[in-house]
Amino acid sequence: MELTVKGTVSAIVFRNEENGYTVLNLETTDGDDIVCVGNFPAVSVGAVLSVTGRTSVHSKYGEQLVVESYSLHNPTSKAGIVKYLSSGLIKGVGEVTANNIYNMFGDDTFGVIENNPMQLARVKGISKKKAMDIANAVSELKQMQEQIMFLQSYGITINLAVKIYNIYKTETKNLVLANPYRLIDDVDGVGFLTADRIAQSMGVEEISEFRVRAAIVYELKEAAEKQGNTYVVFDDLMTVCSALLGVDLTQHGQLVEDTVTKLVLEPTVKTFDADGQRCISLVRYYKLEKAVAARLITLNHDARRIMMDADSLIKQFERQHKIEFHAGQLGAVKAALINGVTVITGGPGTGKTTIIKCIAEILTSHGMRLEFCAPTGRAAKRLSQSTGSDAKTIHRLLGFEVRGDKLQFKYNRNNTLPCDVVIVDELSMVDVSVMYSLLSALENGTRLVLVGDKDQLPSVGAGNVLADIIRSGVIEIRYLTHIYRQSEDSLIVSNAHLINKGQMPEINNHSRDFFVMNFNDFQQVSDTVVELVTTRLPKFTGLPSSEIQVLGALKNGVAGVENLNLRLQQALNPRVYGKSEIHVGKNVLREGDRVMQTVNNYALPFVRFSADGTLADGQGVFNGDIGFVRRIDRVNGLTEVQFDDNRLATYTEQDISDLQLAYAVTIHKSQGSEFEAVVVPLVSGPPTIINKNLLYTAITRAKRAVVLVGGKKILAMMVHNNYIAARTTNLCRFLQEENATHKRFFSEGPMHPKDNDE
């Protein structure tokens, strides 16, 4: 229930100065005492507030008002004025001084402080300097509140307003009024529509260079971050910008051209021709792909030759591990030993891990220093377990650290990694930005082995690195097609390959790990998924529910991820007395819940528990990290999450919105992860999503069991739907251009000094 009340702050129960999260007691004019929780940039005992929020009953702390907006008023009574001045917000003013000020100026105290502060020097114990200090402190507090209330007047929530204020401080109002669209770039959580709503209310014309510029930059960022496109065909960009602005930009060609010209000169964007069409890219992504191409070609050609008898060493590995390589595997190992850059790609069960182990053992025996890495923590952990070598996330390998609000790496082009070989697994997940950071940290001569499944979903971020490298034809690619990892009664691997070929999977009653449950009603699908996770699969496999992961194609719907999360939370971790919980958006997180981090937060602190019981401090949680809520401290506004790799991270109220329930997650979010058992609800949806590629990715996440729940017609539709959203990227073209330039340079030979003689 929404409630608006006015009262005086009688006590501050808790305050987190980092994010402004506060628990306070508000004494209303009716004499009631209400507990209020929310983000307040600055508040003190004695302050008079009008607050609006919704009532909530906490199992441990009772009834509370979760504040969504508020306004501040100067206290008017003696008690309120004295409490406010002596609350600690104004340095050097205690209760005695506050009483002396009130006794001299009475109810006009704030009028004197704001309009004639030197009058304060008449009060005993207050010098002229102290008088100005008091006036400045009150002025700063008032400015802060004015900035927050200014933002609230445009429908911005307290949490977001505090985030904006923490970036712009006292310049908030001036900067937003000067250019509200800058919020899109500077503040996480502000999109075009919010900024445009502010701009429109300020009188920005519907068709203006100011507004068109913001739309172009916003849509290019959306294309990169949401669709993975590092450039957009110009005409297509104009279509989406027209829809966003509600204006037909084809009718304003000169304005558009003038705007683009200025963006090119800044430089913010780059225009170019590709396949006979005019295209446009953010300069950042254009340069990233250009640099990635240049580094790959250089690394490929500059590898140090290794003198070895490869055949003998491979046979020695086969004898030691009692295996026999297929011809395709042999070729992959030899290619990695010869080339500067090698790509090894294949589906599940084709021996990628064994090949990595063989390459690693041979190169290590020749005194070479190796590093293993993967894009996610779960993928790195799996690589460590399968190879017996220490594998890190790419970020951890590069030694990431946060300085201010910027992510930086210890290892970069000026301080390269001390290694001779880098092996990267799950390359399909790596976006162009991460690839650039990794390649920049490699010194010339370093060998690079890139391993991945070309048929997996592409990276969540911008670019299409693995596909572009393969398509370019300038790096040696080794394809693995022969299936090894398959027992007689196992169907996961063979069915994954059948689906990848566009063929229906084998379904029989003899399999112990691949099942299809045929239901055409989506409510039955939803009910069955919950039943499988909570009772049936734990009984059949012996696995706890915590090791069974639901992977869905869609978020919405009765059998979508969001609804399944609510149902599974109720079934596996219901509300009970004494178990703390916290509201996050429209959902509730409670102690014991399975959760996932949804964005990269490089600054979030954690402690890691090692096998020997020691603790190590660190920072950084990443998009896709899964764990469980260990503890919720409502009084201090803190939530502890234990992640699967033994990191214990502490979230503030400001960070908690980055978590979501993870009993069920989208298949896209599961990339790079592996789960003991996977349950996949089959639902109808757009063919751009419900396709073979998505189903293949879901099935290949499972180690011991897969259950598909839904109609066989939907299964057949997905298997036969080959749709893959084509990404528009430059890396393939840049690789071919860089390779041609490199060949031309070395075929002609370096220029001799005498060639320059006049």
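This chain uses plain numbering: 1 for the first residue, then up along the sequence.
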Q) Okay, side chain of R211, backbone of E205: is any donor-acceptor separation there less than 3.5 Å? A) no

Q.
Tell me if a side-chain donor or acceptor on T342 pairs with a main-chain N or O of A335 at a distance below 3.5 Å.
A. yes

Q | Listed partners of Y285 passing ring-ring contact (aromatic ring centres under 6.0 Å, His included), at least two apart | A | none

Q. At what distance, to the nearest 0.5 angstrom, does OG1 of T598 lie from CD of Q660?
A. 5.5 Å

Q: Return the set of residues passing salt bridge (charged side-chain N to carboxylate O under 4.0 Å, His left out) with R278 (not counting sequence neighbours), or none when no residue passes.
A: E257

Q: Only counting residues at least two apart or in another chain, list the ones meeting side chain to side chain donor-acceptor pair (under 3.5 Å) with K287.
A: none

Q.
Test side chain to side chain contact (heavy atoms under 4.5 Å, CB included) on S684 and I690; report intermediate values, then the result.
A. CA-CA 7 Å; S684 58; I690 307 299; over 6 Å; no

Q) In terms of heavy-atom contacts, does NZ of K270 have more than 12 from other residues, nucleotides or ligands at under 6.0 Å? A) no

Q) Nearest 0.5 Å, what's the OG-CG distance between S208 and L245? A) 8.5 Å

Q. Side chains of T729 and N464: is there a donor and an acceptor less than 3.5 Å apart?
A. no

(Q) Contact between V176 and M202 at the side-chain level, heavy atoms closer than 4.5 Å - yes or no? (A) yes

Q.
Holding to ring-ring contact (aromatic ring centres under 6.0 Å, His included), I want the full list of residues that pass it with F409, two or more places apart in sequence or in another chain.
A. H395

Q) Around atom CG of N174, are there more than 12 heavy atoms of other residues, nucleotides or ligands at under 6.0 Å? A) yes

Q) Stepwise, does the side chain to side chain contact (heavy atoms under 4.5 Å, CB included) test hold for I207 with V212? A) CA-CA 7 Å; I207 183 65; V212 171; 3.9 Å; yes

Q | Donor + acceptor pair across side chains of S670, Q549 (<3.5 Å) | A | no

Q) Side chains of V451 and L427: closer than 4.5 Å at any heavy-atom pair? A) no

Q.
Between N229 and Y231 (side chain of the first, backbone of the second, donor and acceptor by atom type, cut-off under 3.5 Å), is there such a pair?
A. no

Q. Does the side chain of E289 come under 3.5 Å of the side chain of T230 through a donor N or O and an acceptor N or O?
A. yes

Q.
Nearest 0.5 Å, please: how far is CG in L177 from OG1 in T172?
A. 10.5 Å

Q) Can you name the closest pair of heavy atoms from L694 and I689 and give their distance? A) CD2-O, 3.4 Å

Q. Should R284 and E225 be marked as a salt bridge (charged side-chain N to carboxylate O under 4.0 Å, His left out) after you check the CA-CA gap, both sets of side-chain angles, and the distance that decides it?
A. CA-CA 13 Å; R284 161 180 164 76; E225 295 169 5; over 6 Å; no

(Q) Between N693 and Y723, is there a side-chain donor-acceptor contact under 3.5 Å, judged purely by atom types and distance? (A) no

Q | Least distance between heavy atoms, I499 atom then L695 atom | A | CD1-CD2, 3.9 Å

Q. Where do S459 and V430 land on the side chain to side chain contact (heavy atoms under 4.5 Å, CB included) test, with the steps shown first?
A. CA-CA 6 Å; S459 62; V430 178; 6.0 Å; no

Q.
Please find the pair of heavy atoms, one from T700 and one from P348, that lie closest to each other, and give the distance.
A. CG2-CG, 3.6 Å

Q: Could you check N300 against N339 for side chain to side chain contact (heavy atoms under 4.5 Å, CB included), going step by step and ending with a plain yes or no?
A: CA-CA 6 Å; N300 194 38; N339 299 312; 4.2 Å; yes

Q. Side chains of R295 and N444: do they bring a donor and an acceptor to under 3.5 Å?
A. yes

Q.
I'd like to know if the side chain of N600 and the backbone of N623 have a donor-acceptor N/O pair within less than 3.5 Å.
A. yes

Q: Measure the shortest side-chain to side-chain distance between I626 and F675 over non-hydrogen atoms and say whether it is less than 4.5 angstrom.
A: yes

**Q.** Aromatic plane relationship, H301 with H742 - under 30° parallel, 30 to 60° tilted, over 60° perpendicular
**A.** parallel

Q: Check side-chain contact (heavy atoms from CB on, under 4.5 Å) between N556 and all other residues, then give those that pass, not counting sequence neighbours.
A: E562

Q. Picking from V217, V283, L220, what satisfies side-chain contact (heavy atoms from CB on, under 4.5 Å) with T268?
A. V217

Q: Check for a donor-acceptor pair, side chain of N691 on one end and backbone N or O of T688 on the other, with a separation under 3.5 Å.
A: yes

Q | Spacing of OH belonging to Y165 relative to CG belonging to L151, to within rounding of 0.5 Å | A | 11.0 Å

(Q) Please enumerate all residues that pass ring-ring contact (aromatic ring centres under 6.0 Å, His included) together with Y479, with sequence neighbours excluded. (A) none

Q. At what distance, to the nearest 0.5 angstrom, does CD of Q254 lie from OG1 of T261?
A. 8.0 Å

**Q.** L735 and N739, any side-chain heavy atoms less than 4.5 Å apart
**A.** no

Q) Any side-chain heavy atom of V584 sitting closer than 4.5 Å to one from L659? A) no

Q: Give a yes or no answer on whether the side chain of R213 reaches the backbone of T259 with a donor-acceptor pair at less than 3.5 Å.
A: no

Q: State the CZ-CD1 distance between R447 and I338, to the nearest 0.5 angstrom.
A: 8.5 Å

Q | Over all atoms of both residues, closest heavy-atom pair of Q671 and T376 | A | O-CG2, 4.4 Å

Q) Would you call D185 and K221 a salt bridge, taking side-chain N to carboxylate O under 4.0 Å as the test? A) yes

Q. Looking at I344 and I359, what are the two nearest heavy atoms and their distance?
A. CD1-CD1, 4.0 Å

(Q) Could you report the tightest heavy-atom contact between P681 and L551, atom names first, then the distance? (A) CD-O, 3.3 Å

Q) Judged by atom type as modelled, is there a donor-acceptor pair below 3.5 Å linking the side chain of T345 to the main-chain atoms of G452? A) yes

Q: For the residue pair L442 and L417, establish whether any side-chain heavy-atom pair is separated by less than 4.5 Å.
A: yes

**Q.** Heavy-atom side-chain proximity of I356 to L383 below 4.5 angstrom
**A.** yes

Q.
Please determine whether the number of non-hydrogen atoms from other residues, nucleotides or ligands lying under 6.0 Å from atom CD of E266 exceeds 12.
A. yes

Q) Is there side-chain contact between L457 and I667, with at least one heavy-atom pair below 4.5 Å? A) yes

(Q) For the backbone of K692 and the side chain of N721, can you confirm whether one donor and one acceptor N or O come within less than 3.5 Å of each other? (A) no

Q: Can you establish whether the number of heavy atoms outside R413 located under 6.0 Å from its atom CZ is more than 12?
A: no

Q) Do D248 and T250 get their side chains close enough for a donor-acceptor pair, meaning under 3.5 Å? A) yes

Q | NZ/NE/NH1/NH2 to OD/OE distance under 4.0 Å, E737 and K290 | A | yes

**Q.** Expected output: side-chain S428 to main-chain Q456 donor-acceptor under 3.5 Å
**A.** no

Q. For the side chain of D453 and the backbone of D455, is there at least one donor-acceptor N/O pair under 3.5 Å apart?
A. yes

